[in-house]
Amino acid sequence: MPELPEVETLTRALHCGKNGSCPIVGKKVAQTHLLWKRTLANTTERKLNKRLMGQIVQSIGRRGKFVVITFNQETLLIHLRMSGDLRVEIASNSLLQKHDRLVIDFMDGYRLVFNDPRKFGRTWLTEDPQEILGNLGSEPLDSHLTYAQFHQKLKGRKRQLKSLLLDQSFLAGLGNIYTDEALHLACLHPLTLSNSINEEQSKGLLKAIRAVLKEGIQRNGASIDWVYRGGDFQNHFRVYQRDGQPCPVCGATIERILVGQRSTHFCPICQKLN
DNA sequence: CCTGAAACCTGTCTGC
DNA sequence: TGCAGACAGGTTTCAG
């Protein structure tokens with residue numbers, strides 16, 4: 001799934017029990033079960049089980065695209081990559097599904113299941129989350145990030161905006177959808193070099209990033225491809241996967257190009273290259 | 001430092 | 001119907 005709004009939607013559901021799921025905060029781990037070895041990035045099934053058994057979920061949150069599950073003395077970090085998903089269910093009422101990769105059973109009969117068809121997803125167990133999250137850039141929605149700082153960060157690099165915005169060490173949370181949407185809203189061509197934009201443009205870009213992320217969260221994320229996850233932001237894309245269709249602003253035909261091996265959608269009229 | 005290509009995976013869709 | 005090829009919300013690693 002997962003860009004910032006989708007991960008945010010998911011963690012809110014796990015935290016508050018929205019969308020019919022049960023909140024997992026306060027639950028005590030009975031045991032864990034690993035079904036695809038490489039899902040664990042930095043430990044083994046045996047060690048995971050030993051370290052998590054008896055631990056109680058203290059909180060669940062998000063940093064960039066990571067789901068952060070905090071236990072008494074351990075933190076479990078989950079990255080959904082392209083196709084990962086999490087669900088909570090009553091173990092005795094449910095069957096494991098085809099692409100389930102990791103299961104955490106709780107004492108009260110509920111379980112948290114990580115499902116991931118493409119097997120790109122990874123989980124880390126650590127006592128110091130900064131060890132894994134330390135390289136991430138700012139949270140785009142964090143008001144501590146000012147327009148002036150963002151402008152300086154852009155000026156300090158010489159990279160194509162599309163690629164730079166996808167770089168999680170520059171800014172944490174944008175993916176292919178929201179980057180294309182933000183660049184269109186900001187009227188900036190994806191190949192614009194980061195050091196070439198002026199103060200007004202960088203301010204507009206950060207505003208656009210925040211606007212599309214907020215809209216995505218408000219719509220509970222986007223559900224695309226064959227995986228339906230409840231959100232409906234996919235019905236409001238301005239350019240993403242709309243190549244050949246009219247730009248919602250000027251009516252010109254949306255184009256698709258490849259930038260850094262990623263499909264990139266933009267309006268050739270609204271988003272001129274300097 | 002920057003770009004591009006390949007790798008990691010399974011599933012869906014399109015076109016012949 | 002079958003099959004090849006393109007493509008998919010991400011990240012890492014390596015070459016130039």
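Protein chains get the first letters and strands the later ones, always in sequence-line order, with residue 1 at the start of each. All values below come from the heavy atoms of this structure, side chains included, with hydrogens, waters and symmetry mates left out. Just so it is clear, the model here is predicted, and its values are computed rather than measured.
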Side-chain N or O of [X] less than 4.0 angstrom from OP1 or OP2 on [N]?
X        : N      : result
A/Arg38  : B/dC9  : yes
A/Arg159 : B/dT3  : yes
A/Ser83  : B/dC9  : no
A/Gln168 : C/dG10 : no
A/Arg118 : B/dG11 : no
A/Lys98  : B/dT10 : no
A/His99  : B/dG11 : yes
A/Arg256 : C/dC7  : yes
A/Lys158 : B/dT3  : no

Ring of A/Phe120 versus six-membered ring of B/dC8: centres under 5.5 Å and planes under 30°?
yes
Can you confirm if the aromatic rings of A/His189 and A/Phe266 lie within a centre distance of less than 6.0 Å?
yes
Taking the six-membered ring for Trp, are A/Phe233 and A/Tyr178 ring centroids under 6.0 Å apart?
yes
For A/Gln261 and A/Gln160, take the nucleotide of DNA chain B holding the closest heavy atom to each; which residue's nucleotide lies nearer the 5' end?
A/Gln160
Sorted by position of nearest nucleotide on DNA chain B, 5' first, the leading residue of A/Lys119 and A/Ser194 is A/Ser194
What one should report as the nearest heavy-atom pair of A/His99 and A/Asn115 is C-ND2, 3.2 Å
Please report the interatomic distance CZ(A/Arg62) to CD(A/Glu8), rounded to the nearest 0.5 Å.
4.5 Å
Need the pair for C/dT11. Rule: Watson-Crick or G-U wobble, both distances under 3.5 Å, any strand; none if unpaired.
B/dA7
Nearest-Å distance for atom pair CD/P, residues A/Gln241 and B/dT14
12 Å
